[in-house]
Protein chains: 2
Amino acid sequence: MNQGMLQKAIPYYEQVQQTIKERIFNGVYEPGDRLYEVQIAREFAISRSPVREAIRTLINEGLLIMDDKSQIYVYEPSLKDVYEIYECRVALESTAVALVAQKASEDQILQLEKTLSDSASAIKKGEKEEMACLNAKFHELIIDFSDNMRLKKLVNELKSLTNYYRFLNLEGEDRPNVIYKGHFDIFQAIKERNPEKASQKLKEHTHDDLENLVNLLNHKRER
Amino acid sequence: MNQGMLQKAIPYYEQVQQTIKERIFNGVYEPGDRLYEVQIAREFAISRSPVREAIRTLINEGLLIMDDKSQIYVYEPSLKDVYEIYECRVALESTAVALVAQKASEDQILQLEKTLSDSASAIKKGEKEEMACLNAKFHELIIDFSDNMRLKKLVNELKSLTNYYRFLNLEGEDRPNVIYKGHFDIFQAIKERNPEKASQKLKEHTHDDLENLVNLLNHKRER
DNA sequence: TTTATGTCGTCTGTCGACAGCCCACATGAT
DNA sequence: ATCATGTGGGCTGTCGACAGACGACATAAA
């Protein structure tokens, strides 16, 4: 009885949008790849209209870009882009964490604490997948608890633009512990109800992330 | 010889997008109004396809919203939305101004100063139109000088969402002078190369704006 | 009068078709 | 060989048409 509710059929353009997005995140489409309306339409055995709409939406999200000849490519962040995106994320997330430090409920603080301790045990067991997941959750919880839907949306969009690099988060010199320490400091500041400190710690933590990422990218480029 | 360059014909969907946006800003379409693809297509004597694409784009920008029945309405910010948008703007703009305080060139600082003094004389002459324009310019310069395209784009999108209320900026108790003072303090901090102070002053200034706006909205609502 | 059923019009989602543009390749002239 | 001119194929922008969904109104049944 599916809760007495029938699901509205999901229109093609939405399904296509989701699928393309997943393919970008999964690396099926790689940065710089060109996409063709007709080809995608043929592949799904539908007309070009829904495909066009899906592409338009993804262009607006920034995951696809259109050149002056209306050709569509998968977004490929330049180094400058990466810096700019991080700058924006720091701005938004540090605001979020300050809000959380001010008004988080006790229960919410407990949730953060639990995520942290789960994270610690994942590190001990060396479960990379789990670690990445919990780290993401920590950030997500903070954004959620800031209770600002628009901020959440903006951060998510920014994150998806560097999603391409998400594998690199945990690589590098002793990253798991460094990240854990960063999160721990942030949590501590929240628990102390110290917005400025929380904000500051998050800025430092994110800066670490950026620096690590840029280092790894440079290494890759040299090889 | 038009600089030897021919302009590519602007596609319909872009023109329509621009037109709809202007109409929203000019109040031709009011918040909450429903829009119809067919009607707009008929009006411009074109097919629905370009209209659909224009609408999709505007939905992604947030100026139009689509309900669960695929009906299109002009975005009508709730009070909570207004707060959230301002929170995001403060986050981004205060970051921008801190960057400017760090790395603005002397010439850029002069531009800010000139805008301020123009603003002062506009106040003396009571030129409301000019005042609004210069105030906007002040903020825009700061964003530009922060040299972060993505930040600029985000702020512009957020601003357009409350564009509906732009008339109210200058109404209220002695607003022009309060705003001028706010901008002056920000400028001062930039000139002193004091990022924290600049950031702080901008936060206070924007908070004033928000408070004033909310007051006026409440008054309106009571009447 | 109130409820139930049927019909109509309108709006959105999708389709297939066509025209214009751009590019690559080929053909021909120098 | 090099450059100019065709020529063809592929891709995007736009169009007009149809089907399904939804609501309004009317009509019929209680």
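Lettering of chains follows the sequences in order, A, B, ..., and the numbering in each one begins at 1.
- R42(A) comes within 4.0 angstrom of nothing in the nucleic acid, heavy atoms only.
- Taking the centre and axis of the six-membered ring of Y29(B), the NZ or CZ atom of R34(B) falls outside the cone set by 45° and 6.0 Å.
- Nearer the 5' end of DNA chain C, as judged by each residue's closest nucleotide, is the contact made by K69(B), out of R48(A) and K69(B).
- Considering only side-chain N and O atoms, S47(B) lies under 4.0 angstrom from the phosphate OP1 or OP2 of dC15(D).
- Per the geometry, OH belonging to Y13(A) stands 7 Å off P belonging to dT14(C), to the nearest Å.
- Contact annotation: R56(B) does not reach the phosphate of dT12(C) (side-chain N/O to OP1 or OP2, under 4.0 Å).
- Using a 4.0 Å cut-off on heavy atoms, none of the residues of residues 32-40 of chain A approach DNA chain C.
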Stepwise side chain to side chain contact (heavy atoms under 4.5 Å, CB included) test for V100(B) and Q108(B): CA-CA 9 Å; V100(B) 172; Q108(B) 289 175 333; 5.8 Å; no
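- Between the CD atom of E53(A) and the C1' atom of dC15(C) there is a distance of 13 Å, rounded to whole Å.
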Between Y83(B) and N148(A), is a side chain to side chain donor-acceptor pair (under 3.5 Å) present by the stated rule, with each step listed? CA-CA 9 Å; Y83(B) 278 112; N148(A) 183 325; over 6 Å; no
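- The shortest distance between the side-chain N/O atoms of R52(B) and the OP1/OP2 oxygens of dG13(C) is below 4.0 Å.
- Distances shorter than 4.0 Å separate none of the side-chain N or O atoms of S70(B) from OP1 or OP2 on dA21(D).
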